[in-house]
Amino acid sequence: MITVLDVHEKPIFESSYTVQGGNFDEAGKVASQIKVILKKLGLQTDVVRKAALVAYESEINIVSYARKGTINISITPQRVKIETIDEGHGIPDIELAMQEGYSTADAKIREMGFGAGMGLCNIKKFSDQFQITSEIGIGTHLKMIILIENGA
Amino acid sequence: MDLETIVKCLDLKVFSGFDKLKTEVLDGYTGDLLSDVMANSKEGDIWMTRQVHQNIIAVASLKDHAGVILVHGADPANDTLEKALKENIPLLGTGLSGFEIAGRIYNIIKGKKEITAQNP
Amino acid sequence: MTLNDVAELLDAEVLAGHDQLEMEVKTGFGADLMSDVLAFAKPGSLLLTGLTNPQVVRTADILDIAAIIMVRGKRPVPEAIQLAKEIKIPVLSTRLILFETIGRLYEKGMRGCIERVDNSFGRP
């Protein structure tokens, strides 16, 4: 499969953030920061919205299910790439996890309005390209691309 | 006001409870947190939600809701539909957003002017 | 209508954004599932929800939501209000349930920020 996921091009912005699992007070902070950066770079509102949303759902996933994780963002004139790598239980059945409505969230996560089995669906829906890999006992790795249309 | 009137008025999809559409709708409840719906909804409410998990059927049954409407074009999960059919709970569906369906049902229940006329 | 009108209609208490009540709002979105809000709520609309945690404010920030109405009289934790003040999102609290809140706003002409979703969400 040929995708632009791994096309090498010099990024105009790159950064990496650490997210602690279980720290719900801080959940969403990284996504907010990413949104501010994307706005400052003058990207189209649609790209900003999609990237912020994808980053936010991924961040919530790390906080909800992993011990810790990293969110990497890299922006070229063609695309925004967001990558999350977490240390956690991993996902035993990715196909099942991608099914809308499927969730292993506990009551605490559900009471906050997350854990309804829609997060990964949202990430996939709002990314132009999406890859998920997971290893039991190691963690989960998401790669998302949001394309920037020319003529911006 | 019975379920059938609301189903016809708002063009709702009927997934289950086909023979219970004469059930009287007394009021409405919108909510996606099952603990909230358990605590605060009432008998005879029509419950609007985006949750598709099978637990919604247990909640609707325990609370004696007139029916459940899934919003945003959501389909019930397979086990949810099975349970709804088995327990004969009216499970309905609409493409409308939660805001739109709640607003329209509120107006119908409160017997206000026909709102569908504005949105042909 | 303005946020002031909304506050009056819902007999709501203003918890954050006292200086932004002249803001015009035309559309709303009501839900308790944050992923549902993220998928469908539009910038500039009102978010009506039974949730009161800081994540609601974060979600509103990500989507450029105009203001948040917390329903059922539940008091948010101070961190949520603090965050709302920092990012300048008004927060109102009403004792009404979500159904009644939406109903009153709809009656006064407010509409959903999306009317309907035609395709079943999240399925191929």
Side-chain angles (χ1 to χ4, degrees), chain B residues 10-13 15 25-42 45-53 56 65 69-78 93-113 115-116 118-120, chain C residues 9-10 25-42 45-53 55-56 59 65 69-74 94-124:
Chain B
L10 296 173
D11 194 21
L12 304 180
K13 190 168 171 182
F15 293 111
V25 177
L26 302 176
D27 209 338
Y29 201 85
T30 297
D32 303 316
L33 301 176
L34 300 189
S35 54
D36 157 48
V37 180
M38 275 302 290
N40 300 313
S41 65
K42 306 178 305 296
D45 277 351
I46 187 159
W47 173 26
M48 290 147 271
T49 188
R50 178 59 184 77
Q51 288 276 19
V52 295
H53 193 272
I56 61 173
H65 289 154
I69 304 178
L70 304 182
V71 304
H72 283 165
D75 284 327
N78 289 340
T94 179
L96 290 171
S97 66
F99 190 98
E100 286 288 330
I101 190 84
R104 293 179 196 194
I105 288 182
Y106 182 91
N107 271 5
I108 293 172
I109 290 177
K110 305 284 165 185
K112 299 287 169 167
K113 61 183 189 308
I115 42 101
T116 45
Q118 296 171 12
N119 299 290
Chain C
L9 187 66
L10 304 176
V25 279
K26 294 190 177 75
T27 60
F29 190 89
D32 299 325
L33 298 179
M34 286 302 107
S35 291
D36 194 22
V37 178
L38 285 160
F40 297 118
K42 298 276 183 284
S45 54
L46 270 188
L47 173 59
L48 317 161
T49 183
L51 297 169
T52 55
N53 54 55
Q55 270 63 50
V56 177
T59 303
I65 290 290
I69 314 286
M70 294 177 175
V71 302
R72 283 190 278 112
K74 264 174 72 187
T94 175
R95 299 181 64 84
L96 302 173
I97 60 170
L98 187 51
F99 179 71
E100 181 72 27
T101 301
I102 294 172
R104 289 193 189 183
L105 292 169
Y106 193 91
E107 221 179 0
K108 293 286 178 200
M110 185 173 284
R111 289 296 176 263
C113 66
I114 55 161
E115 192 195 0
R116 62 169 64 240
V117 180
D118 280 321
N119 294 324
S120 172
F121 168 73
R123 313 221 165 187

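Protein chains get the first letters and strands the later ones, always in sequence-line order, with residue 1 at the start of each.
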Tightest non-hydrogen contact, residues C:R111 and B:F99, listed as C-CE2, 3.5 Å

Check each atom of C:R104 against the heavy atoms of chain B and say whether the ones under 4.5 Å are side chain, backbone, both or neither. both

Those residues that, when tested against C:T59, pass side chain to side chain donor-acceptor pair (under 3.5 Å) (two or more places apart): A:Y56

Check C:E107 with B:R104, please: is the shortest side-chain N to carboxylate O separation under 4.0 Å? no

Mark yes when over 12 heavy atoms from residues, nucleotides or ligands other than B:K13 sit less than 6.0 Å from its NZ; otherwise mark no. no

When the 4.5 angstrom heavy-atom criterion is applied to C:I97 and chain B, the contacting part is side chain

Please report the interatomic distance CG(B:D27) to CD(C:E100), rounded to the nearest 0.5 Å. 7.5 Å

Close aromatic pair by centroid cut-off 6.0 Å: C:F99 and B:Y106: yes

To the nearest 0.5 Å, how far apart are CG in C:D32 and OG1 in B:T30? 9.0 Å

Taking NZ in C:K108 as the centre, count heavy atoms belonging to other residues, nucleotides or ligands within less than 6.0 Å. Is the count above 12? no

For C:V71, enumerate each residue passing the side chain to side chain contact (heavy atoms under 4.5 Å, CB included) test, keeping only those at least two apart in sequence or located in another chain. C:T94, C:L98, C:T101

Calculate, to the nearest 0.5 Å, the distance between atoms NE2 and CG belonging to B:H72 and C:D36 respectively. 5.0 Å

Taken to the nearest 0.5 Å, the spacing of C:L51 CG from B:L33 CG works out to 5.0 Å

Taking B:E100 for the side chain and C:E115 for the main chain, is one N or O donor matched with an acceptor at less than 3.5 Å? no

So CZ of C:F40 and OG of B:S97: to nearest 0.5 Å the spacing works out to 9.5 Å

Inter-residue atom distance C:R116.CZ - B:D11.CG, 0.5 Å rounding: 7.5 Å

Ranking C:C113, C:G28, C:G30 by heavy-atom pairs under 4.5 Å to chain B gives rank one to C:G28

Count the heavy-atom pairs under 4.5 Å between each of B:L96, B:I101, B:V71 and chain C, then report the option with the highest count. B:L96

